[in-house]
Every structure is written in structure tokens, then in C-alpha cells.
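Here is the structure we will look at, set down as C-alpha cells.
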Amino acid sequence: MSTEHADPGHGHSPAAWTSVTIMLIAFVIGTVAFFFDVQWLVWASAGLLLIGAIVGWILARAGYGVGGVKTAERVH
């Protein structure tokens, strides 16, 4: 016997994908910069990490988040 439940989405949205992609790039840049001891680039990648989070929040507020008005996976 199975139980039906609604999938909450868990970030399957353009806002989440964009945010995570930006933050993943920032993390990779920061890791390489830390390895090569380029301190200014480590801090710049930390700033890019914050920008990725802000971009995700802005896109979610603009309707591109899970259940947003501009996504195909809207819950009716």
C-alpha cells in the first residue's frame, strides 16, 4: 500500500538552479584561490557566494521559485 503525498519541490526551479550554479562557481574559484594563496580572490569569491544567494532570493520573489507564477510546476 502506498501513500500519496505532494512533492514540495526541493529547489527544482530556475531560481534555485541559478543560485546554486553561481554559488558552486564561487566555491570552486575560492578553493583554487585558497590553494594558490590569492587572498583577494578568496574574498572576492566569498562576495560572489553572497551574490548567488541574493540572486536566488530575487528570482524567487520575481516568481521563478518553486510554485512561482512564472514556473511550469505551479501547484493549482
Side-chain angles (χ1 to χ4, degrees):
M1 192 154 130
S2 65
T3 305
E4 282 191 37
H5 63 282
D7 182 19
H10 296 292
H12 298 295
S13 69
W17 280 100
T18 304
S19 178
V20 168
T21 301
I22 291 170
M23 290 189 286
L24 182 61
I25 291 168
F27 182 77
V28 169
I29 291 170
T31 300
V32 172
F34 184 80
F35 179 77
F36 288 114
D37 197 25
V38 183
Q39 189 174 22
W40 69 269
L41 190 54
V42 172
W43 287 107
S45 66
L48 184 60
L49 189 76
L50 291 174
I51 289 171
I54 292 168
V55 166
W57 180 77
I58 290 171
L59 286 173
R61 297 283 298 192
Y64 292 100
V66 174
V69 296
K70 296 181 181 177
T71 60
E73 297 179 13
R74 287 183 25 194
V75 178
H76 297 285

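Heavy-atom basis, side chains included; hydrogens, waters and symmetry copies ignored.
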Using residues 30-38 as the side-chain source, report each donor-acceptor pair under 3.5 Å to any protein atom, sequence neighbours left out, with the distance given to one decimal.
{"residue": "Thr31", "atom": "OG1", "partner": "Phe27", "partner atom": "O", "Å": "2.8"}

For the residue pair [X] and [Y], what are the closest heavy atoms and their distance?
X: His12; Y: Trp17; result: CA-NE1, 4.2 Å
X: Ser13; Y: Gly65; result: CB-C, 3.6 Å
X: Ala60; Y: Ala15; result: N-CB, 3.7 Å
X: Pro14; Y: Leu59; result: O-CD1, 4.5 Å

* In the hydrophobic clustering that connects Ile, Leu, Val, Met, Phe, Trp and Tyr at side-chain heavy-atom distances below 4.5 Å, which members other than Ile54 occupy its cluster, ordered by chain and number? ->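 Via sub-4.5 Å side-chain contacts, Ile54 links to Trp57, Ile58.
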Mind listing the side-chain donor-acceptor pairs of residues 39-50 below 3.5 Å, one per line with the distance, residues two or more places apart or on another chain?
{"residue": "Ser45", "atom": "OG", "partner": "Leu41", "partner atom": "O", "Å": "3.3"}
{"residue": "Ser45", "atom": "OG", "partner": "Val42", "partner atom": "O", "Å": "2.7"}

* To do: For Leu24, check side chain to side chain contact (heavy atoms under 4.5 Å, CB included) against everything at least two apart and list the hits.
  =>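 Here no residue qualifies.
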* Of all residues at least two apart in sequence or in a different chain, which pass the side chain to side chain contact (heavy atoms under 4.5 Å, CB included) check with Val20? -> none
